[in-house]
Amino acid sequence: MTDVQAPPPRPKRKKNIMDLLVQFRWIVVIFVVLPLSFLYYFSIYLGDVRSECKSYKQRQKEHDENVKKVVKRLKERNASKDGLVCTARKPWVAVGMRNVDYKRARHFEVDLSPFRNVLNIDTERMIAKVEPLVNMGQISRVTVPLNVSLAVVAELDDLTVGGLINGYGIEGSSHIYGLFSDTVVSYEVVLADGQVVRATKDNEYSDLFYAIPWSQGTLGLLVSAEIKLIPIKEYMKLTYKPVVGNLKEIAQAYMDSFSPRDGDQDNREKVPDFVETMVYTPTEAVCMTGRYASKEEAKKKGNVINNVGWWFKTWFYQHAQTALKKGEFVEYIPTREYYHRHTRCLYWEGKLILPFGDQWWFRFLFGWAMPPKVSLLKATQGEYIRNYYHENHVIQDMLVPLYKVGDALEWVHREMEVYPLWLCPHRLYRLPLKTMVYPEPGFELQKRQGDTKYAQMYTDVGVYYAPGPILRGEVFDGIEAVRKLESWLIENHGFQPQYAVSELTEKNFWRMFDGSLYENCRKKYRAIGTFMSVYYKSKKGKKTEKEVQEAEQETAEVETPEVDEPED
């Protein structure tokens, strides 16, 4: 295994007024964004509490009434006069980093804001029925005291069920359960014609069931979902293991932390409940593995309990980094606090937003107000600062086959020099129908580490921070870097979650993703002419109504692609 050569030096970059505005943006964050974020979070919390005071029966009744309002609203649309259907949510409210530019074209709004209730927690069937605007903080607050949880709980509190289903969602348990959408049992969807259907993997809407993930809400309006629950315990026993070596050696240590070399991937004695690795430099990383533990075990004499959720605590990624100095160690973290360990510092983006936010005095005095709400950060940045971030900052996830993680790490180092990096494994299942994201053909014959006969192991390489050249004051072309990243993913059977800024052309979009099932469902369920296509919804840049309508017409005229038949 060879060491990665240092990237060649780049010319120095001339600074301008935008650099100054970004450098001192913390003033706006401190005096505007943080206070508004606190008030927003508190108001949402009060609404959640009011909802939880209602019986499940009352919540379901209100849900049914709200669904009728959505159906009525859809039927009010005049297809020849009104624009394509979008939710009424403001563009800046979305947690994702890409611009919601499709709402700048004329569109027909449908209000889904009332759909933010937990409708039922069934501990006998081990199913949670929730509405699409329920977020991870809300659902974990309800389930964890019952010693149950969603099988996949995305780390950031603000991420919603609808976003994780229609888009992409992952967590440290995804090496066992797959992506968030893989844990869904059924979808309740309002179709373009106002029909309300329940889609499962084995009913008449099974094609819709498999097509909804990654579709960005362009097949229908999701109004509820039933999601798998699993039994849990009160604490997470977390082991921090430092790794020193080159990037290929770090990648192998990461693989060994959760995937037995003997191929016994389904043996829960050999595979931890949770996995993540943070790569801090080209030669240093910390692998973390977690197993659920009871309160009795955690409180045994000699065990260390770390309440990472307290406002004054060291940011989690910095706490984990201490393993590089003090060596391997073990501690117990309350389960819900572990789930949301990256919320307060937004992984490590908090360091860029508030350069002194990790200092002890700030954590102690103001840590309770963290994190700033992402949507408010977007609302206060303006178009020029937004474009500055697109060009000088990276927020991307690279979903790559596990055996190519070392190559991906070397590529990021060579082209971007972003550290820390986040590594999180997930299964990519071989499904009865070929969906937008799918494993490599014939993967099961290769018998690679982490793979099983029914799923290929992938990894999310999370690339979030300012690139090394920018930190050194050198020239960096963020747009070209993202294009290169997308090309590398296409060549290596990888995928780019579309919450991020994308530079993909339509041709390359459909080289990366498979559109056969998606386009078939667009036509079958009459989404064309009502909902924007997934590419145009993800596409960067302003969109006119004419451009969107022309693209829709072209799609409508294309012959329906063949869809893979279910396997025996």
Side-chain angles (χ1 to χ4, degrees), residues 4 6-7 10 13 15 18-19 22-23 25-26 29 95-98 155-156 170 247 250 254 276-286 314-321 324 341-359 370-372 374 377-378 381 385-400 405 408-424 459-486 488-489 496-497 499-503:
V4 180
R10 305 169 187 245
R13 172 175 161 272
K15 292 191 175 183
M18 293 308 302
D19 293 284
V22 170
Q23 182 180 353
R25 190 163 177 248
W26 61 266
V29 174
V95 175
M97 291 298 105
R98 65 178 169 84
E155 290 89 348
L156 302 183
I170 193 173
L247 291 172
I250 288 173
Y254 158 71
E276 71 177 328
T277 287
M278 286 182 269
V279 184
Y280 292 95
T281 72
T283 58
E284 297 176 315
V286 176
T314 302
W315 287 357
F316 183 76
Y317 83 96
Q318 293 177 337
H319 170 67
Q321 192 175 11
L324 292 169
R341 61 200 178 278
H342 292 299
T343 290
R344 198 155 41 92
C345 54
L346 299 174
Y347 287 90
W348 29 88
E349 284 289 318
K351 183 67 174 175
L352 284 178
I353 299 167
L354 290 171
F356 44 79
D358 59 342
Q359 299 300 304
M370 290 290 282
V374 173
L377 287 171
K378 292 167 64 178
Q381 67 185 8
I385 292 180
R386 181 179 70 174
N387 292 335
Y388 176 93
Y389 280 128
H390 289 178
E391 296 169 5
N392 300 285
H393 187 255
V394 178
I395 297 184
Q396 295 284 340
D397 286 270
M398 304 169 65
L399 307 191
V400 301
V405 169
L409 293 179
E410 291 184 343
W411 187 93
V412 172
H413 177 76
R414 183 171 61 251
E415 299 293 339
M416 295 180 171
E417 288 186 85
V418 171
Y419 292 97
L421 296 170
W422 187 61
L423 303 182
C424 183
T459 282
D460 180 348
V461 181
V463 189
Y464 327 123
Y465 210 61
I470 293 294
L471 296 176
R472 295 192 297 268
E474 298 172 355
V475 170
F476 179 79
D477 188 340
I479 294 174
E480 182 60 24
V482 170
R483 287 175 182 154
K484 289 181 178 179
L485 177 147
E486 292 163 347
W488 190 92
L489 286 174
Q496 175 195 42
Y499 79 87
V501 176
S502 172
E503 299 290 340

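Note that the structure is predicted; figures quoted are calculated from it, not measured. Position 1 is the first residue of the sequence; numbering continues from there.
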Relative to each other, are the rings of Y389 and H393 parallel, tilted or perpendicular (30° and 60° limits)? perpendicular

Hey, mind stepping through I479 and E391 against side chain to side chain contact (heavy atoms under 4.5 Å, CB included) and telling me if it holds? CA-CA 6 Å; I479 294 174; E391 296 169 5; 4.2 Å; yes

Would you mind listing every salt bridge (Lys or Arg N to Asp or Glu O under 4.0 Å) that reaches into residues 459-469, with sequence neighbours excluded? none

What's the verdict on side chain to side chain contact (heavy atoms under 4.5 Å, CB included) for V394 and L485, showing C-alpha distance, side-chain angles and the deciding distance? CA-CA 11 Å; V394 178; L485 177 147; 5.6 Å; no

How would you list, by chain and number, every residue that makes a side chain to side chain donor-acceptor pair (under 3.5 Å) with Q359, sequence neighbours excluded? none

Side chains of I170 and W422: closer than 4.5 Å at any heavy-atom pair? yes

Find the distance between CD (E474) and CD (E417) and round it off to the nearest 0.5 Å. 7.5 Å

Between V463 and M416 the two heavy atoms that sit nearest each other are CG1-SD, 4.1 Å

Quick check: do W315 and W348 have side-chain heavy atoms less than 4.5 Å from each other? no

Can you tell me which residue among V412, V461, V418, L247 is in a side-chain contact (heavy atoms from CB on, under 4.5 Å) with V279? L247

Rounded to the nearest 0.5 angstrom, the CD-CE distance for Q396 and M398 is 9.0 Å

Show your working on side chain to side chain contact (heavy atoms under 4.5 Å, CB included) between M278 and Q321 and close with a plain yes or no. CA-CA 8 Å; M278 286 182 269; Q321 192 175 11; over 6 Å; no

Hey, which of Y464, F316, Y465 is the one that makes ring pair (Phe, Tyr, Trp, His ring centres under 6.0 Å) with Y347? Y464

The reported gap from CG in D477 to CD in E415 (rounded to nearest 0.5 angstrom) is 11.0 Å

